[in-house]
Protein chains: 2
Amino acid sequence: MVRAVPDTHGEILAAAARQFTVTGYRGTSLQDIAREVGCSKATVLYHFANKEALLAELMAPAIEVLRSLDEQLTGLTGAAAQEVAAQGFVDLAVRFRQEIAVLRGEFPELLCQPAFAHIQEISDRLRDALAGHSDRPGARIAALVLLAGISEACGEFADIPDDELRLALLTLARRAVEPVDAPLPHPPTTEDKDS
Amino acid sequence: MVRAVPDTHGEILAAAARQFTVTGYRGTSLQDIAREVGCSKATVLYHFANKEALLAELMAPAIEVLRSLDEQLTGLTGAAAQEVAAQGFVDLAVRFRQEIAVLRGEFPELLCQPAFAHIQEISDRLRDALAGHSDRPGARIAALVLLAGISEACGEFADIPDDELRLALLTLARRAVEPVDAPLPHPPTTEDKDS
DNA sequence: CTTCCATCTGACCGATCGGTCAGGGTCTGA
DNA sequence: TCAGACCCTGACCGATCGGTCAGATGGAAG
């Protein structure tokens, strides 16, 4: 019988993800994580420089996708920006349900950490795009409600398959977003378009 | 000059509300609250049995309103339930911005405390009503997104006056909620077509 | 003045937190 | 056989947490 290489690093990461989503970052101690993995707290700190680094590595993939979405958004305006923002964020939220659920609620404090330095600005731009770059309160409010609500929903509906959740959220987003006056500049043509 | 009676009890309550909204319940220590009030930590614990009791007293008014909304909802179905739920929750969220902001994010852990024993059930019923008591995933998801998003928005847009915020949120809620078969008082624009 | 009570405080407690450190196994390649 | 890299651990550290307690203060009542 092939004894699998004990991937302690990965196990710690997975255990941390599970616990952070339930108890939150603050509410989860390194001891808790170590207990679930079945190792000592010192082992956790052997694999990760500190608690913050553990969180950072956990979030890295999601953050990378968020960053690329931010790049896609540059230059877009009005309805085009809204559509790309909605589609991109729903996709991201569904794909990284667990990671999003961790950030939820502890957003403001976690953002102080250097690893998440630019997330605040990025999510502000995302929210702005979702509002069609309008400064009307109604549009701004709708954009915030959507971003926060979608984040929450992804953590909650773990039982619903990805495709169904994505479709429902996207439909909801399109219906909820304040329509901007400006017509779509030109329907997404051969520009770099997602699948 | 009449030296005002130092309402330490109230000052502690107010300071706690401010800090909880910023740093969260877990993230705020009794020391922090005492420092802002300008008294000792022991004084805080003289006025409140413990940290949990402080939170409970802070939340009491909001919880009372939530409970009465829950009563209004009993027996209502379909579009009527949706409208009452939307209107009632938006009103509650706007009126108790600060309190709602405290619960946001630390919901699951805080609900374990006996003072908030029935809140989970109440908010579940509220969500169910907002979904028009439909069991379609789309409706359930929309209801959750709205409840979570509205809670978040109220904490965020402290600069927007109550009336404006209430109107914007209610408009958003009516537009976002999945329409149930029963006729609506305010029929949505016919350009929206759903299955 | 004495008594009483509400208010407030500094000192202290045990528990737990994130994090450090010296050292013990185990495997591998020279 | 032995050196060294890698993985892991128990013991320990200072800081901070929520909470306790004996006592100081000060005003009102007798």
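Below, chains carry the letters A, B, ... as their sequence lines are ordered, and counting in each starts from 1.
- For the pair B:F48 CZ and C:dA6 C1', the interatomic distance rounds to 16 Å; values are reported in whole Å.
- Here B:A15 pairs with B:R18, B:I33, B:E36, B:V37 under the side-chain contact (heavy atoms from CB on, under 4.5 Å) rule; sequence neighbours left out.
- Atom-to-atom, CG of B:L45 to C1' of C:dC13 comes out at 14 Å; the value is rounded to the nearest Å.
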Show me the side-chain donor-acceptor pairs of residues 51-60 of chain B shorter than 3.5 Å, one per line, residues at least two apart or across chains.
| from | atom 1 | to | atom 2 | distance (Å) |
| --- | --- | --- | --- | --- |
| B:K51 | NZ | B:Y25 | O | 2.9 |
| B:K51 | NZ | B:T28 | O | 2.7 |
| B:E57 | OE2 | B:H9 | NE2 | 2.7 |

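- Ionic pairing of A:R95 and A:D162 is not present here: no N-O contact between side-chain nitrogen and carboxylate oxygen is shorter than 4.0 angstrom.
- Between A:L172 and B:V145 the shortest side-chain heavy-atom distance falls below 4.5 Å.
- Contact of the A:D91 side chain with the A:L69 side chain is not registered, since no non-hydrogen atoms from C-beta on lie closer than 4.5 Å.
- Residues meeting the side chain to side chain donor-acceptor pair (under 3.5 Å) test with B:R125, sequence neighbours left out: B:D70.
- Listed in residue order, the members of residues 25-34 of chain A having a heavy atom less than 4.0 Å from DNA chain C are A:T28, A:S29, A:L30.
- One atom, CD1 of B:I12, and another, C1' of C:dT9, lie 13 Å apart when rounded to the nearest Å.
- Comparing the axis of the opening five pairs of the helix from C:dC1-D:dG30 to C:dA30-D:dT1 with that of the closing five pairs yields an angle of 20°, rounded to 10°.
- Between A:Q87 and A:Q72 the shortest side-chain heavy-atom distance does not fall below 4.5 Å.
- Contact annotation: the side chain of B:L92 approaches that of B:I100 to within less than 4.5 Å [non-hydrogen atoms, C-beta and beyond].
- Side-chain contact check for A:Q120 and A:D124: at least one donor-acceptor pair (N or O, by modelled atom type) lies under 3.5 Å.
- No side-chain heavy atom of A:C154 sits less than 4.5 Å from a side-chain heavy atom of A:F96.
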* Structure fact -> The contact string for nucleotides 3-10 of chain D, one letter per nucleotide 5' to 3', using protein heavy atoms under 4.0 Å with B, S and - for base, sugar-phosphate only and none, comes out as ---SBBBB

